Asker: 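For reference, the structure I am asking about is given below.
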2 protein chains.
Amino acid sequence: MRRPLIRKLEKFARLSHADKEMLVKIAAQRVRRFSAREDIIHEGEKPEFINLINEGWACRYKTLEDGRRQIIAFFLPGDLCDLNVFILQEMDHSIGAITPVVISEISRAAFDEMTIGHSRIAQALWWESLVAAAIQREWTVNLGQRDALERMAHLLCELFIRLEAAGCTSNSSCEFPLTQTELGETLGMSTVHVNRTLQELRASNLIVLKDRTLTIPNLQALQDVALFNPNYLHLDREGRHLDANEE
Amino acid sequence: MRRPLIRKLEKFARLSHADKEMLVKIAAQRVRRFSAREDIIHEGEKPEFINLINEGWACRYKTLEDGRRQIIAFFLPGDLCDLNVFILQEMDHSIGAITPVVISEISRAAFDEMTIGHSRIAQALWWESLVAAAIQREWTVNLGQRDALERMAHLLCELFIRLEAAGCTSNSSCEFPLTQTELGETLGMSTVHVNRTLQELRASNLIVLKDRTLTIPNLQALQDVALFNPNYLHLDREGRHLDANEE
DNA sequence: GCTCGACATTAACATAGGTAAGGTCGTTGC
DNA sequence: GCAACGACCTTACCTATGTTAATGTCGAGC
């Protein structure tokens with residue numbers, strides 16, 4: 001088993017054996033499967049659970065009255081949807097599967113059980129939700145300031161680094177299930193321009209993207225094109241520099 | 001005194017007298033003043049406090065290496081910066097004053113004092129932070145899908161409704177301190193185009209904007225232009241429809 | 001092996017919005 | 001009283017990106 005959540009949280013907090021057992025237990029409860037392109041929860045419904053993505057890619061999206069669709073966030077293995085969502089009366093957006101997806105639903109009670117008496121987990125979960133907020137902010141910068149090429153490069157850098165943190169990459173490659181239409185809905189550009197932009201990145205040898213597999217031969221080079229600064233992902237563990245026994 | 005925080009939180013939760021006293025007390029502690037355009041906290045610094053805006057407008061922003069600046073969020077009276085920020089090692093963005101600003105710094109200890117034993121306050125604060133996240137998501141939609149006119153109209157609707165919730169409007173008018181440059185940095189467009197867009201809204205009698213005062217004669221009409229759906233602001237109090245004694 | 005649908009690609013043309021440059025006006029400082 | 005400045009406004013021109021539509025590729029099912 002891969003346990004991407006544990007893998008990711010350990011980037012931030014040192015988890016005890018008991019902490020990890022608790023996380024394994026939570027991930028094994030209330031498991032649900034969705035097929036590709038199926039909605040996990042839809043705008044207007046009342047959220048009853050925090051969703052934990054165990055396998056597959058999902059996304060948050062919103063649709064305007066006239067049909068335009070914007071993808072607002074991607075959920076990768078190990079990602080949690082929204083701590084505390086229970087508080088809200090209804091969803092103001094939808095969450096849909098990109099690939100076939102396996103999730104665990106976490107109830108309010110399960111969340112309390114998981115955090116009370118496990119302060120490291122609680123801290124790590126708040127960290128993860130602060131990072132999610134930081135990612136959303138960076139997307140605002142991306143859409144507001146970067147041009148198409150920079151925007152695409154930035155998204156690819158971010159996804160690759162997040163997948164790496166969840167243990168879903170090998171060397172410089174990862175699975176990449178997004179269609180060009182979905183990339184367009186994410187980056188606020190037409191599919192035609194998505195295509196042009198990908199061609200340009202390929203022509204500069206910055207990416208290889210074929211058969212749903214993305215390879216980034218030189219991540220630093222791609223980051224340079226994107227004006228990508230990884231600080232917003234906060235992947236520096238608290239006190240990391242103080243500890244000699246790092247993996 | 002205006003107490004915009006209490007005013008806003010009451011849109012969501014029914015606060016007891018003791019709850020309100022606690023909020024008044026918190027807002028009176030560690031008060032700091034900043035002049036217009038001064039930074040409140042800068043990218044790279046370690047966040048030690050949650051900032052509560054008592055008076056004035058502030059913004060979150062990020063600057064790219066080459067100088068492009070994106071405003072990521074506005075903080076209006078009654079807004080809180082980020083619950084739980086203490087967890088992060090360093091700020092990945094800056095917060096700056098737009099107008100002269102009065103804030104209260106809330107330490108971790110003060111935050112605990114304010115929430116433990118005041119579950120209504122705790123709930124209301126989580127609600128406020130979920131709304132802030134929803135606003136950030138809506139900005140993503142705004143930048144990704146709406147054109148310049150819709151985008152501007154949407155921002156104006158949002159700001160007006162948020163100011164209303166904080167008690168900072170009178171009839172259909174509010175103070176509006178943003179320059180056209182700042183609007184451009186918010187909406188990802190040039191000042192020239194901001195100007196064109198404002199002219200267009202004025203010509204359609206959708207707004208009056210003069211001498212730092214914004215008037216929206218027909219909010220519904222502006223919302224229609226913007227494809228504005230207020231659901232993301234979650235201004236519907238839990239159980240509101242069950243209670244006869246609403247103000 | 002054929003057909004179909006999903007996705008990718010390409011070209012020709014159209015336009016929203018950017019850039020550069022300059023002008024007006026009101027406020028502040030001296 | 002006037003220089004300096006910042007906000008706002010305007011015009012002319014240019015380009016990044018959108019639109020439309022035709023064509024190509026490939027895997028799934030029959």
Side-chain angles (χ1 to χ4, degrees), chain A residues 35-38 57 64 66-71 96-100 142-156 175-203 207-214 225-226, chain B residues 35-38 57 64 66-71 96-100 142-155 175-203 207-214 225:
Chain A
S35 39
R37 273 76 205 184
E38 192 181 351
W57 290 34
L64 298 184
D66 64 3
R68 281 175 276 178
R69 184 169 101 124
Q70 175 70 36
I71 291 179
I98 302 265
T99 64
N142 215 17
L143 287 165
Q145 297 300 322
R146 285 185 256 254
D147 68 21
L149 190 75
E150 294 165 344
R151 215 143 78 217
M152 179 68 75
H154 194 281
L155 177 66
L156 299 180
E175 284 182 46
F176 195 82
L178 302 178
T179 66
Q180 295 189 358
T181 302
E182 286 160 341
L183 283 169
E185 291 168 338
T186 305
L187 297 172
M189 55 209 248
S190 65
T191 51
V192 173
H193 205 56
V194 167
N195 191 281
R196 288 195 273 248
T197 305
L198 288 174
Q199 300 295 355
E200 196 177 338
L201 288 172
R202 284 194 263 247
I207 63 167
V208 181
L209 177 54
K210 222 188 131 200
D211 301 332
R212 316 269 114 148
T213 300
L214 171 68
V225 167
Chain B
S35 38
R37 274 75 207 183
E38 193 182 349
W57 290 34
L64 298 184
D66 63 4
R68 280 175 278 178
R69 183 170 102 122
Q70 175 71 35
I71 291 178
I98 302 264
T99 65
N142 216 16
L143 288 164
Q145 295 302 321
R146 284 185 255 255
D147 68 21
L149 190 75
E150 294 164 345
R151 215 144 77 217
M152 178 68 75
H154 194 280
L155 177 66
E175 283 182 46
F176 196 82
L178 302 177
T179 66
Q180 295 189 357
T181 302
E182 286 160 341
L183 284 170
E185 290 167 339
T186 305
L187 297 172
M189 56 208 246
S190 66
T191 52
V192 174
H193 206 57
V194 168
N195 191 280
R196 286 196 272 247
T197 305
L198 288 174
Q199 301 294 357
E200 198 177 338
L201 288 172
R202 283 195 262 247
I207 63 166
V208 182
L209 177 54
K210 222 187 127 199
D211 301 332
R212 317 267 113 148
T213 300
L214 171 67
V225 167

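Note on naming: letters A, B, ... go to the chains in the order of the sequence lines (proteins, then strands), and numbering restarts at 1 for each one. Computed from a prediction, not measured in an experiment: that's the story for all the values here.
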Asker: Under 4.0 angstrom, heavy atoms only, what part of the nucleic acid is B:Arg202 near: base, sugar-phosphate, or nothing?
Answerer: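 Sugar-phosphate contact only - B:Arg202 comes under 4.0 Å of backbone atoms but never of a base.
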Asker: Whole Å only: how far is the CG atom of A:Asp147 from the C1' atom of C:dG18?
Answerer: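 Result: 12 Å.
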Asker: Between C:dA8 atom P and A:Met189 atom CE, what is the distance in whole Å?
Answerer: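 In whole Å, C:dA8 P lies 13 Å from A:Met189 CE.
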Asker: Hey, what do you get for CD (A:Glu200) to OG1 (A:Thr197), rounding to the nearest 0.5 Å?
Answerer: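 If we round to the nearest 0.5 Å, A:Glu200:CD and A:Thr197:OG1 are 6.5 Å apart.
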Asker: Between D:dA7 atom C1' and B:Leu178 atom CG, what is the distance in whole Å?
Answerer: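 These atoms are roughly 13 Å apart.
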Asker: Looking at D:dT17, C:dT10, D:dC8, which one has an atom nearest to any side-chain atom of B:Arg212?
Answerer: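 So the side chain of B:Arg212 is nearest to D:dC8.
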Asker: Counting heavy atoms from C-beta on, name the nucleotide in D:dT10, C:dG17, D:dT17 closest to the side chain of A:Ala148.
Answerer: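 Of D:dT10, C:dG17, D:dT17, D:dT17 is nearest to the side chain of A:Ala148.
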Asker: I need the CD-C1' distance between A:Glu150 and D:dT17, as an integer number of Å.
Answerer: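 It is 14 Å, rounded to the nearest whole Å.
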Asker: Can you confirm whether the side chains of B:His154 and B:Arg151 place a donor and an acceptor under 3.5 Å from each other?
Answerer: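 Looking only at side-chain atoms, B:Arg151 and B:His154 do not form any donor-acceptor pair under 3.5 Å.
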Asker: Please pick, from D:dT17, C:dA8, C:dT19, the nucleotide with the shortest atom-to-atom distance to any side-chain atom of A:Asn195.
Answerer: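 For the A:Asn195 side chain, the nearest candidate turns out to be C:dA8.
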Asker: Any chance you could measure A:Arg68, atom CZ, to B:Asp147, atom CG, to the nearest 0.5 Å?
Answerer: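 It comes to 6.5 Å.
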Asker: Over how many whole Å does the gap from A:Gln199 atom CD to C:dA11 atom P extend?
Answerer: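 After rounding, the gap between these two atoms is 10 Å.
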Asker: Mapping A:Thr191 and B:Thr179 to their closest nucleotides on DNA chain D, which lands nearer the 5' end?
Answerer: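 This one resolves to B:Thr179.
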Asker: Of all the choices, C:dG17, D:dT17, D:dT10, which nucleotide is nearest to the side chain of B:Val192 once you look at every atom?
Answerer: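 When the side chain of B:Val192 is considered, D:dT10 is the closest of C:dG17, D:dT17, D:dT10.
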Asker: Rounded to whole Å, please give me the gap between CZ in B:Arg196 and C1' in D:dT10.
Answerer: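 Spelled out: CZ on B:Arg196 to C1' on D:dT10 is 10 Å.
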